[in-house]
Amino acid sequence: MRTDTQQIVRLEDYRPSDFLIDRVELDVGLHPTATRVVATLTMRPNPEGRPDAPLVLDGDELNLKALALNGRSLSAEEFEASPQSLTIAQAPRQPFTLTIETEINPTANTKLMGLYRSGGNYCTQCEAEGFRRITYFLDRPDVMAVYTTRIEADREDAPVLLGNGNPVAGGVVDGSDRHYAVWHDPHPKPSYLFALVGGRLGRVSKTFTTMSGRAVDLAIYVEPGKESRADYALDALERSMRWDERVFGREYDLDVFNIVAVSDFNMGAMENKGLNIFNDKYVLASPETATDMDYAHIEAIIAHEYFHNWTGNRVTCRDWFQLCLKEGLTVFRDQEFSSDERSRPVHRIAEVKTLRARQFLEDASPLAHPVRPTQYREINNFYTATVYEKGAEIVRMLRTIIGEADFRRGMDLYFERCDGTAATVEDFLSAFAEVTGRDLSHFARWYEQSGTPRVTVKGHHDPDAKTFRLDFTQSTPPTPGQPEKGAMAIPVALGLVAQDGSDQDGSDQDDSAQDRSWANAACERLDSRGVFLFDKPQDSITFTGVTSRPVPSLLRGFSAPVKLSLDLPNEELLALLRHDTDAFNRWQAAQTVAMRLLVGLAKGVDAADQDIGALSGALCSFMGRDALADPAFAALVVTLPSEADVAQEIGQDVDPDAIHRARSQMRQRIGRSCAQPLQRFYDALSDSGPYSPDAASAGRRSLRNACLDLLAAADAGTGEALAVRQLESASNMTDRLASLSVLTTLPGAVREEAIARFGDRYRNEPLVLDKWFTLQAAIPEDGTLERVTGLMQHPAFSISNPNRVRALIGSFAMLNQVQFNRADGAGYRFLASIVLRVDELNPQLAARLLTAFSTWRMMESARRAQAEQALRSIAQKPNLSRDVGDIVSRSLEEGGAK
Ligand SMILES: [Zn+2]
C-alpha cells in the first residue's frame with residue numbers, strides 16, 4: 001500500500017497562490033488521439049503570495065510540446081516539466097504571458113477526468129482537479145480567470161462545438177474539413193468550472209425571459225433521435241430559473257444556457273458555467289423508459305446544477321475544504337425547490353431517508369469526517385453524503401434558528417458581499433451573524449465536528465402542578481481523529497399532542513384537534529416558531545398549563561440531523577401516527593414502532609406478536625382513514641425501514657440474514673392483516689388515463705405499488721398473479737418496473753420468464769437495462785452472485801461505463817444486504833476483485849464501489865473477518881490509485897486518521 005507516500009493536504013496549511021491568472025485563452029484542436037491544446041495565460045505575481053516563489057503549475061499525465069514566456073520560447077534549462085507539473089524557477093515579478101502547448105489523447109482517457117470521449121463525442125469533466133489533465137495550470141478554485149476558448153474540430157466528426165459563456169465567433173477553417181467556434185465567458189471562474197463539448201448531437205431549445213427582461217436561449221443537447229426525451233428536463237430548467245428569481249432573487253447572467261447529456265460520466269452532473277454536462281440518466285425521460293423517481297431526480301438535478309450558477313459559480317470556494325459551501329447550500333436550495341414543486345412533507349421524508357441511509361451510515365463508519373474536513377489525501381473521495389446532505393441540513397438548521405426572513409436577508413448579504421470571490425464557510429456564516437446580530441460561533445461547530453449527535457429525551461408530567469417537563473441530554477460518539485466531542489447547537493422543533501387527540505378541556509372530540517388542544521400550554525424556552533435551541537450537554541424545558549399527560553412530538557420536520565431517543569410506549573407513538581399535526585412525525589412514529597419490532601425480531605429477543613398486531617392494526621386504520629388524502633405519504637407510512645436501516649440501528653454484531661428474515665416476516669404479517677384495505681386501494685388506484693409524471697399522479701402509483709408489494713409478501717400466489725397482470729398491462733415504466741420488482745422476490749419460472757422478456761424488450765435502451773441489472777443484483781438469494789457475474793457477460797454491460805457498473809455491481813454491494821454480506825465472504829471477494837479491475841481504468845469509480853465496505857466493522861465476527869481479509873487483499877496490491885488507496889487505508893485504520 002502506498003499510503004505512506006500519499007501527500008496529505010491540510011486546511012491549516014492553506015496559503016494564497018503565489019501567482020494569479022487573469023485571462024486564459026485556449027485554442028483546442030480536437031482530435032481523437034492527439035488533441036492539441038495551446039493555452040495562453042495572462043499572469044502576475046500575487047501581492048499576497050511569497051515574493052520569491054517559483055511558478056509551479058499542476059499537470060496530470062500531460063505531454064508538453066512547447067513553452068513560451070512573453071512570446072519567447074524557453075530553453076530546456078529555464079523550466080522543468082514532468083507529466084505532473086511544470087516549474088519555472090525564475091518567474092517574472094511583473095505581469096507576463098505564458099504560452100503552453102500540450103498534446104492529449106481523449107480516446108485513451110478512461111478516468112473520465114479532463115477531456116475524454118463518450119459515445120463518439122468529446123466532453124470534459126474538470127471538478128475537482130481535471131483541468132490539469134488538459135493543460136498545465138494553477139488548478140485551485142481561488143485562482144479565477146476570464147476564459148476565451150476556441151474549439152476546432154472535424155466538421156463531420158463534431159458538427160456541434162460548445163464552450164463556457166457566450167458564443168462570439170465561428171466558421172469554417174479555410175481549405176480544410178474543419179470548423180471552429182469561439183466562446184467567451186465574461187465571468188471570472190476557477191478552472192474546475194471549465195468545459196467544452198464537441199460532437200454530433202440533437203437539440204431541444206426554448207427562450208427564457210429573465211425577471212429583468214433579458215432573453216436567454218436555453219438548449220439541451222442529447223444523442224440524435226432522443227430529443228423528445230429532453231422535454232421534461234427543459235421544462236424543469238425553466239421552472240428552476242423562475243423559482244430562483246422568485247425565492248432567492250437570483251437572475252441568470254449569460255445569453256445562453258446549455259446542457260449536454262453524455263452516457264459516460266462519473267457523477268450525476270456538473271455545473272460548468274453556462275455549459276452543464278449531465279449524466280444522461282438525469283436528462284432523458286419518457287413514460288416508456290423512466291420511472292416517477294427518474295422524473296423527480298431529473299427535476300432535482302437540473303435545478304441543483306442551475307442553482308450552482310450563484311452558489312458555486314458566482315460565489316465559489318476558496319479551497320476544496322469549503323466544498324460544502326457550494327454543495328450543502330445548493331442541495332438545500334434544490335430540496336426547497338422540489339418541496340415547493342411537490343408535496344413538502346413527502347419530500348422531507350425522502351430527504352431524511354436518504355440522509356439516514358447514507359450520511360448517518362457514513363458518520364458511523366471508518367470514513368466519518370466533518371462537513372468541512374480538515375485534511376484529505378484525495379479530494380475526489382470527499383464528494384460525500386456528509387458534505388452534500390449533512391451540509392444541506394446545516395443550512396436548514398440555520399434557517400430554522402434565525403427564521404425565514406432573516407435567512408433571506410443573510411443570503412442576500414452573502415451574495416452581495418461575496419459575488420465574484422472564492423469564499424469560506426466563515427464568510428457564509430458572518431453574513432447571517434451580521435443581519436441577525438447573533439453569535440453563530442457555537443453553531444459553526446456543525447461544520448467541524450463529525451458524527452451523528454444522539455439526543456435523549458425524557459418527559460415528566462405533574463398533574464397537580466399541570467406542568468410537563470422534558471429533560472434533554474446529548475452526546476456525539478467518537479469518530480476518526482475526534483475522540484472528544486462538544487455539545488452541538490440543536491434546533492428542536494416540538495409540540496405536545498393529546499393522547500386521544502381531543503382538546504384539553506374535552507370540548508372537542510374531533511380527531512383533527514391535535515395540538516390545538518394545548519393552546520393553553522406554554523413554554524418560554526420555545527421561540528415563536530415552536531423551536532427549542534438545545535445547545536448544552538443537558539437541559540430541561542417545562543410547559544405549564546398541561547392538565548393531562550401529553551405525547552411530546554419532538555424534532556418536527558426532522559429539524560436537526562440527530563438520532564433521537566425518546567422512551568415512549570408503542571401505543572403513544574401510534575397516537576402520534578393518528579393525531580400529530582406534523583406529517584413528518586406521523587411517519588416517524590410508525591417507523592419507530594416498526595424499527596423496534598424489527599430489531600427485536602432480528603435479535604430473537606422478543607416474538608413481539610401482539611406488538612406487530614398493534615402496528616398492523618394502526619396501519620390498517622391509517623390506510624382506511626387517510627390513505628387517499630395524500631397517497632404518496634401513505635405509501636411511505638406503510639413501507640417498513642429497509643434492511644440496511646435495521647442493520648444501522650443494531651449497529652454491532654449485525655447478522656444480515658436474521659434482519660432479512662425479520663423484515664420478511666413483518667411484511668407478511670402486515671400484508672395479511674391489512675389485505676383487505678391493501679387490495680381495495682390496489683384496485684381503486686388502478687392505472688387510468690395517459691401518463692403524467694406530476695407529483696399527485698406519481699403518489700397514486702407509489703401507494704398502489706406499495707400495496708402490491710405487501711400483498712405479495714402476504715401471499716406469493718396472489719402477488720405473482722397481480723404482478724404478472726400489471727407487468728403486461730402497465731402503460732408506463734413506473735408500474736412495469738414495480739411489478740417486475742415484486743416478481744423478483746418470488747422465485748420460479750414465472751419470474752425468470754418475466755426477467756428475460758423485460759431484458760429483451762429493452763435491449764436497446766441502456767438506461768432501462770440499468771434498472772434491469774439493478775433488480776437482479778438485489779435479489780436476496782444464494783444464486784445472485786452467479787447471476788451478477790453472468791450478467792457481466794451481457795452485451796449491454798461494460799466495465800468502463802460508470803452507469804452500467806453502478807447499476808449491476810454497485811447495486812449488488814449497496815442494496816443486497818444478505819448477498820453482499822454472505823457469510824462465506826464470496827460477496828466481499830467479488831467486490832474486491834472488481835474494485836481492483838476498475839481501478840486500472842477509472843479510480844474514482846473504483847473508490848466509490850469500495851465504500852460499500854464502510855459497514856464492515858458492524859458485522860458479526862465471521863463476516864467481519866471475511867471483509868477485513870478482502871480489504872487487506874486490496875491494500876496489499878501495488879500501484880493502487882490514490883482514490884482507492886485512501887479509502888482502503890481509512891477503512892482499515894484502527895481509531896481513524898490522526
Ligand atoms: Zn453540486
Side-chain angles (χ1 to χ4, degrees), residues 112-113 123-131 141 164 187 189-195 233 236-237 240-241 243-244 248 250 252 257-262 265-283 296-338 351 354-355 358-359 362 371-373 376 379-396 411 414-415 418 422-425 428 447 802 844 848:
L112 313 187
M113 283 290 274
C123 63
T124 56
Q125 170 59 32
C126 292
E127 186 176 2
E129 297 176 335
F131 193 69
N164 302 106
H187 301 281
K189 66 168 173 287
S191 54
Y192 81 86
L193 290 173
F194 172 83
L237 174 61
S240 310
M241 295 176 86
W243 185 89
D244 211 16
F248 282 93
R250 297 296 113 195
Y252 186 61
F257 187 86
N258 289 318
I259 292 174
V260 179
V262 303
F265 206 68
N266 275 343
M267 317 193 183
M270 179 62 211
E271 70 264 24
N272 317 295
K273 183 79 186 189
L275 177 57
N276 288 186
I277 297 181
F278 268 62
N279 188 325
D280 60 2
K281 100 186 246 201
Y282 296 122
V283 172
H297 284 154
I298 289 169
E299 179 181 80
I301 294 176
I302 290 276
H304 178 95
E305 306 307 332
Y306 173 71
F307 296 154
H308 267 314
N309 191 55
W310 275 94
T311 49
N313 301 3
R314 292 285 292 248
V315 184
T316 195
C317 304
R318 187 193 73 174
D319 52 68
W320 290 120
F321 297 101
Q322 323 292 330
L323 185 56
C324 61
L325 181 67
K326 77 177 178 79
E327 294 305 342
L329 178 55
T330 305
V331 169
F332 169 77
R333 275 154 52 72
D334 84 55
Q335 290 176 343
E336 282 300 293
F337 168 72
S338 293
E351 286 159 22
T354 305
L355 180 81
R358 298 183 54 227
Q359 200 283 320
E362 194 163 76
V371 172
R372 180 167 67 181
Y376 60 79
I379 187 59
N380 288 331
N381 290 337
F382 282 85
Y383 287 74
T384 59
T386 298
V387 169
Y388 280 65
E389 262 71 40
K390 191 173 180 181
E393 292 299 319
I394 298 179
V395 178
R396 184 176 304 280
M411 285 300 298
Y414 170 65
F415 287 128
C418 297
T424 61
V425 165
F428 177 68
Y447 287 98
Q844 263 187 56
R848 281 297 165 110

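Every number for a ligand or one of its atoms is a count from 1 in the order of the listing. The chain is numbered in sequence order, starting from 1. Just so it is clear, the model here is predicted, and its values are computed rather than measured.
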Between E362 and K390, is a salt bridge (charged side-chain N to carboxylate O under 4.0 Å, His left out) present by the stated rule, with each step listed? CA-CA 11 Å; E362 194 163 76; K390 191 173 180 181; over 6 Å; no

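Under the 30°/60° scheme for interplanar angles, the aromatic rings of Y192 and W320 are found to stand perpendicular.
The Zn ion (ligand 1) lies closest to atom NE2 when only the N/O/S atoms of H308 are considered.
Residues Q844 and Y383 bring no donor and acceptor atom of their side chains to less than 3.5 Å of each other.
Rounded to 10 degrees, the NE2-metal-OE1 angle spanning H304 and E327 at the Zn ion (ligand 1) equals 100°.
Under a 3.5 Å cut-off, the side chain of Q322 and the backbone N or O of V425 do form a donor-acceptor pair.
Here E271 does not reach the Zn ion (ligand 1): none of its N/O/S atoms is less than 2.8 Å from the metal.
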